[in-house]
Protein chains: 2
Amino acid sequence: MNHLLEGLKSAGMRLTPQRVAICRILHESKDHPTAMMIYHELLPQFPTLSLATVYKTLNVLKELGLVHTLGDAGDGMEHYDADLNPHINLVCVRCHRVIDFDEAMVSAIQQTVEERSGYKIQGARIVYYGLCPECRNRHANGK
Amino acid sequence: MNHLLEGLKSAGMRLTPQRVAICRILHESKDHPTAMMIYHELLPQFPTLSLATVYKTLNVLKELGLVHTLGDAGDGMEHYDADLNPHINLVCVRCHRVIDFDEAMVSAIQQTVEERSGYKIQGARIVYYGLCPECRNRHANGK
DNA sequence: ATTACTGCAAAAGATTTGCACTAGG
DNA sequence: CCTAGTGCAAATCTTTTGCAGTAAT
């Protein structure tokens, strides 16, 4: 069982099949899905699934602090990240894919910011925008 | 003249009074305004100003790479930042204010990410979420 | 004089909400 | 049981778009 389900359970929330499936996708997928992506991925297994249920579950997870939102990736939709460890997200502005990038300094910075700003930091959104290697090549070769 | 107006001019765009005013607010304000905030701030001076004009101008500035978007600050609206220097934004999740925080390591990280990821980085969004000192106090004392 | 820009209203699109029904604990 | 969760549809809210009129160069 992943930490999302554990979190829901210890918060006293019900573990419905829909929620289990949504948490599984968030936990497994590396592409930081949007609500719409989760919905379409689950539709074959849950033909009556509602997009509203996906949104409601994502909001619950967010309020519990179990997922972070990354903002949109040029596609106008909110992307969700279940990895709470301080890390960097790399967004390709062309293909809208999002990957993770670990950088040791990130953790150190968060502590520095908290100490020097007086803020009680609850979460972070560290996103770099640019062209991924594949899109750089596609851009260079013709097109 | 600030760099936003210079950028618009050298891109061959017209410098209308509305755009000058929008750029002035972006340049001067330290609170990383939303389209709605800019609109309301300018309404007294431009009674016929349209929200659509604000959005259109912000999109032009964004496409020219003269401003960055920070994502929403818990208020569901896009916040804009005219400071292109690598820096951190601190969002208070209670009062939705956004402040800047300079941290020397930020520039170094961007270079590291670019070298090691193969991405051509065009911009960054480094946002920490938490409670600002005022809201921490307000939270502690009573409420 | 052109033609990009503005402002209005309508449209679009993502997310939220109300409510009756269902099912998890 | 009994209440939280689901699914549907309608509502909401931000942002975009079409177009006729206006103004910057």
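All values below were derived from every heavy atom in this structure, side-chain atoms included, with hydrogens, water molecules and symmetry-related copies excluded. Throughout, protein chains are lettered first and strands after them, A, B, ... in sequence-line order, and every chain is numbered starting at 1.
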Can you find a donor-acceptor N/O pair under 3.5 angstrom joining the side chain of K56(B) to the base of dG7(C)?
yes
Measuring to OP1 and OP2 of dT15(D), would you say a side-chain N or O of N59(B) lies under 4.0 angstrom away?
no
Is E134(B) paired with R97(B) through a side-chain N to carboxylate O contact shorter than 4.0 Å?
yes
Nearest whole angstrom, please: distance from the P of dT16(C) to the CE of M77(A).
14 Å
So what does T53(B) hit on the nucleic acid, given a heavy-atom distance under 4.0 Å: a base, only sugar-phosphate, or nothing?
base
Counting only heavy atoms from other residues, nucleotides and ligands, does the tally under 6.0 Å from CD of Q111(B) exceed 12?
no
Are any of the side-chain heavy atoms of I126(B) and N89(B) separated by less than 4.5 Å?
no
Name the closest nucleotide to the L51(B) side chain, picking from dT15(D), dG7(C), dG25(C).
dT15(D)
Nearest whole Å is fine: how far is dT15(C) P from E78(A) CD?
7 Å
M13(A) CE to dG5(D) C1': how many Å, rounded?
9 Å
Go through D81(B) and H87(B) one step at a time and tell me if the side-chain hydrogen bond (donor to acceptor under 3.5 Å, both in side chains) criterion holds.
CA-CA 11 Å; D81(B) 191 342; H87(B) 67 281; 2.9 Å; yes
On the nucleotide dT15(D), are OP1 or OP2 found under 4.0 Å from the side-chain N or O atoms that Y55(B) carries?
yes
Over how many whole Å does the gap from L58(B) atom CG to dC5(C) atom P extend?
14 Å
Counting side-chain heavy atoms from C-beta on, which of dT15(D), dG5(D), dA24(D) comes nearest to R14(B)?
dA24(D)
Here's a test for you: under side-chain contact (heavy atoms from CB on, under 4.5 Å), which of V60(B), N59(B), T53(B) qualifies with T57(B)?
T53(B)
How many Å lie between CG on L8(B) and C1' on dA24(D), as a whole number?
14 Å
Worked verdict on H32(B) versus D100(B) for side-chain hydrogen bond (donor to acceptor under 3.5 Å, both in side chains):
CA-CA 9 Å; H32(B) 307 286; D100(B) 289 331; 2.9 Å; yes
CG/L90(B) to CG/L131(B) distance, rounded to the nearest 0.5 angstrom?
11.5 Å
When you measure from every atom of DNA chain C, which of residues 16-44 of chain B have a heavy atom less than 4.0 Å away?
T16(B), Q18(B), R19(B)
Taking OP1 and OP2 of dT6(C), is either one under 4.0 Å from a side-chain nitrogen or oxygen of S50(B)?
no
Rounded to whole Å, how long is the line connecting atom CG of L5(A) with atom P of dG25(C)?
11 Å
To the nearest angstrom, how far is H79(B) atom NE2 from dT14(D) atom P?
11 Å
Please state how far atom CZ in F46(A) lies from atom P in dG5(D), giving the value in whole angstrom units.
16 Å
